[in-house]
Structure formats: structure tokens, C-alpha cells
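Written out below as C-alpha cells is the structure these notes cover.
These numbers come from the heavy atoms of this one structure, side chains and all, not from hydrogens, waters or symmetry mates.
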Amino acid sequence: MAQDVKESFAGAPAARKTPTAPTSPPAPAALAAKVRTLGPSMTRSMQRVAEAVAADPAGCAALTVTGLAELTGTSEATVVRTARLLGYPGYRDLRLALAGLAAQQQSGRAPSVTADIAVDDPIADVVAKLAYDEQQTLADTAAGLDTVQLAAAVTALAAARRIDVYGVGASGLVAQDLVQKLLRIGLVAHAHSDPHLAVTNAVQLRAKDVAIAITHSGSTGDVIEPLRVAFEHGATTVAITGRPDGAVTQYSDHVLTTSTARESELRPAAMSSRTSQLLVVDCLFIGVAQRTYETAAPALSASYEALAHRHRPRGGTKR
């Protein structure tokens with residue numbers, strides 16, 4: 001198996017473990033988020049279809065598969081492939097989602113898109129635009145998050161003997177955030193940003209362990225390699241990524257997809273990806289705390305008590 005996994009890392013598909021149960025199509029509110037997330041990885045013809053349904057859901061909902069293909073200058077097969085990539089079994093399901101999204105927009109619940117931050121924007125405008133984009137990123141992530149995959153990841157974490165989390169750069173900060181939360185409820189967890197240490201630790205993982213890779217691009221080699229090693233050694237593997245079709249998912253039992261706000265010159269992807277990743281991390285933590293409440297609650301109380309003296313005012317205490 002080791003040789004098979006190594007070959008799959010070079011390009012061939014990896015041997016998969018038993019997949020989780022199939023999930024239902026995304027809700028209408030998740031459609032725009034799916035288009036924003038998956039658009040960059042689509043072919044140009046599929047992008048035309050995705051952009052059309054996101055821009056005019058009401059108009060596209062009224063079209064047959066042939067009509068949408070003609071509108072976008074593509075083929076019926078491309079329309080169907082786009083629908084499936086967005087998470088819908090077929091074009092009929094996509095049309096239903098488009099109709100639902102159109103109804104939401106007509107009711108006034110769908111927000112308009114803000115302009116990019118300009119170099120000469122007043123600071124008040126910067127605050128307003130960033131706040132809007134952060135809210136949109138969180139809403140998109142929540143709408144598109146697969147709760148079946150999330151619940152399965154929570155179950156694995158709650159029963160884990162040991163948890164390793166891999167991330168570099170901004171994703172490394174998110175990895176540290178998850179680990180410090182898990183430690184406070186009594187779980188054994190480690191964050192790894194050094195790729196060498198990540199791999200040497202991954203070889204120690206076994207079937208009762210969990211490895212989590214955090215990578216917005218889904219293609220960060222320093223994160224994929226230790227996850228591959230953990231996968232090879234039988235650990236349950238989880239990917240938190242903005243690219244559900246990225247290379248990291250080849251070695252992931254559970255994939256948690258994040259969404260991002262639009263990248264601009266003054267707002268790099270690392271900012272928006274971190275926002276959505278932190279939401280997923282919080283969902284994982286709360287889910288695990290619920291599952292392990294009898295041990296998690298006392299552990300969390302003990303950690304608060306251990307730090308309480310550091311937050312009390314010293315007053316006139318003499319040194």
C-alpha cells in the first residue's frame with residue numbers, strides 16, 4: 001500500500017478508504033458560495049455556466065438545459081457537469097436551487113456585492129467593507145459546509161487517541177488555534193507547521209488517531225505530505241480546504257469546504273481564508289465538546305481556574 005500511496009501522490013488517484021454516506025444537494029443559499037469557491041478550478045466553459053446562474057438565477061431557472069447551453073455558448077454536457085460539480089445530481093436539481101435563490105433575492109434577503117477596497121478609501125469605509133466581506137465569507141462557509149462530513153469528523157476527534165494538525169502560514173495560525181482549544185478540553189493534540197516534524201510525527205499515527213490538514217489552496221505540499229503519511233498509516237484524515245477538488249482530498253476521509261471573500265490587491269486570500277477556517281475550527285471544537293461533555297466541562301473549568309490569577313488586578317501587592 002505504501003508504494004500505491006506514493007504513486008498516487010505523484011499523480012495517480014490514491015486508494016480510498018470507505019467513504020461517508022452521500023450528502024444531499026446544497027441549499028439554494030449555498031449556490032453563490034459554491035460558485036465563488038469552485039469557480040477558479042473550473043474550465044472556462046464551466047465558468048461561463050456557473051457565472052450565468054450566479055448572476056441571473058431567476059432567468060436561468062426558467063431555461064432548459066439546452067437553453068442554458070445556448071445562452072452560455074457551451075454544450076448540454078458542460079451544463080450537466082457544472083451542475084454536478086456544484087453539488088447537484090443533475091440539471092433539474094440545479095434549476096430548483098436557482099428558483100429558490102431567486103425567491104430569496106426578490107424578498108430582499110440577498111446582499112449586494114461590495115466594491116473592492118481602494119488605496120485611498122477612508123478608514124471608515126475600510127472598516128465597513130471588511131466587516132461586510134467577513135460576514136459574507138462566514139455566511140458562505142456556513143451555507144456550504146457539509147454537516148454530514150462535519151459530524152463524522154467530530155465523531156473521529158472525540159474518540160481520538162491523538163490528534164495532529166498540519167498548516168503553514170496563515171493556516172498554521174488556524175492549526176494552533178484548533179489545537180489550543182482541544183488541549184483545554186483534555187484531548188491530546190499537536191500543531192505542526194514544520195514539514196519535517198509533521199512527517200516524522202505522522203509516521204507514528206495509527207487507526208485510532210486523527211490527522212487534520214488545513215490548506216486553502218488544497219495543494220500545499222508541506223501539508224499534503226504529512227496527511228498522506230497519516231493516511232497510509234491508517235489514521236482518520238480530515239481536510240479543511242477551499243478547494244474540494246484539490247490534491248489534499250485524495251488523502252482525506254472527510255472534507256470540510258471553506259469559502260472566501262473575493263481577493264483584491266489590499267485583501268489577500270490569506271485573510272478571507274483564515275476567517276472561514278476559524279469558523280470550521282470553532283464548529284469542530286463545539287461539536288467535540290458536546291460529544292465529550294462529561295470530561296470536557298471539568299477540563300475547561302480547570303484550565304480557566306489555572307489561569308484565573310493571571311487576570312486578577314494586582315492592586316497594591318508588594319513584590
Side-chain angles (χ1 to χ4, degrees), residues 8 11-14 16 19-61 63-102 136-137 139-150 215-219 224 238-263 269 272-273 276 280:
S8 68
R16 298 296 310 203
T20 54
T23 58
S24 57
L31 179 57
K34 282 278 188 179
V35 171
R36 280 191 289 270
T37 298
L38 296 175
S41 63
M42 292 179 178
T43 64
R44 185 65 195 110
S45 58
M46 294 175 73
Q47 284 178 349
R48 290 202 296 271
V49 176
E51 290 166 358
V53 300
D56 185 15
C60 291
L63 297 175
T64 63
V65 63
T66 302
L68 183 55
E70 292 176 351
L71 175 68
T72 57
T74 61
S75 65
E76 293 180 11
T78 297
V79 172
V80 174
R81 283 197 300 270
T82 305
R84 289 176 177 168
L85 182 59
L86 292 172
Y88 303 93
Y91 181 61
R92 177 179 176 276
D93 303 275
L94 176 60
R95 286 184 72 181
L96 291 174
L98 289 172
L101 180 59
Q136 188 63 54
T137 297
D140 285 351
T141 298
L145 191 58
D146 189 327
T147 53
V148 173
Q149 293 283 313
L150 178 63
T215 164
H216 169 61
S217 68
S219 59
I224 294 175
V238 180
I240 300 176
T241 180
R243 298 288 181 265
D245 57 344
V248 71
T249 62
Q250 295 182 50
Y251 311 101
S252 306
D253 294 306
H254 311 297
V255 178
L256 305 178
T257 305
T258 59
S259 181
T260 64
R262 294 172 301 114
E263 183 176 3
S272 54
S273 64
S276 54
V280 174

Near R84 CZ, under 6.0 Å, is it more than 12 heavy atoms from other residues, nucleotides or ligands? no
Is the CZ atom of R44 crowded by more than 12 outside heavy atoms at less than 6.0 Å? yes
Any idea which heavy atoms bring [X] and [Y] closest together, and the distance?
| X | Y | result |
| --- | --- | --- |
| E76 | A69 | N-CB, 3.7 Å |
| A239 | S252 | CB-OG, 3.1 Å |
| S276 | T141 | CB-OG1, 3.0 Å |
| T72 | A52 | CG2-CB, 3.7 Å |
| T241 | S217 | OG1-C, 4.2 Å |
| A247 | I224 | CB-CD1, 3.8 Å |

For the backbone of [Y] and the side chain of [X], can you confirm whether one donor and one acceptor N or O come within less than 3.5 Å of each other?
| X | Y | result |
| --- | --- | --- |
| T147 | L150 | no |
| Q149 | L256 | no |
| S259 | T137 | no |

Verdict with reasoning, L101 to V53, per side-chain contact (heavy atoms from CB on, under 4.5 Å): CA-CA 10 Å; L101 180 59; V53 300; over 6 Å; no
Here's a test for you: under side chain to side chain contact (heavy atoms under 4.5 Å, CB included), which of L68, L94, V49 qualifies with C60? L68
Would you check if [X] and [Y] make a side-chain contact, meaning some heavy-atom pair closer than 4.5 Å?
| X | Y | value |
| --- | --- | --- |
| V255 | D146 | no |
| T82 | L86 | yes |
| L63 | Y91 | yes |

Output the distance between atom [atom1] ([X]) and atom [atom2] ([Y]), rounded to the nearest 0.5 Å.
| X | Y | atom1 | atom2 | value |
| --- | --- | --- | --- | --- |
| D56 | E51 | CG | CD | 13.5 Å |
| D245 | Q250 | CG | CD | 10.5 Å |
| T257 | D140 | OG1 | CG | 12.5 Å |
| R243 | T215 | CZ | OG1 | 9.5 Å |

Side-chain donor-acceptor pair under 3.5 Å between S45 and R48, yes or no? no
Side chain to side chain contact (heavy atoms under 4.5 Å, CB included) with E70: which residues, sequence neighbours excluded? T66
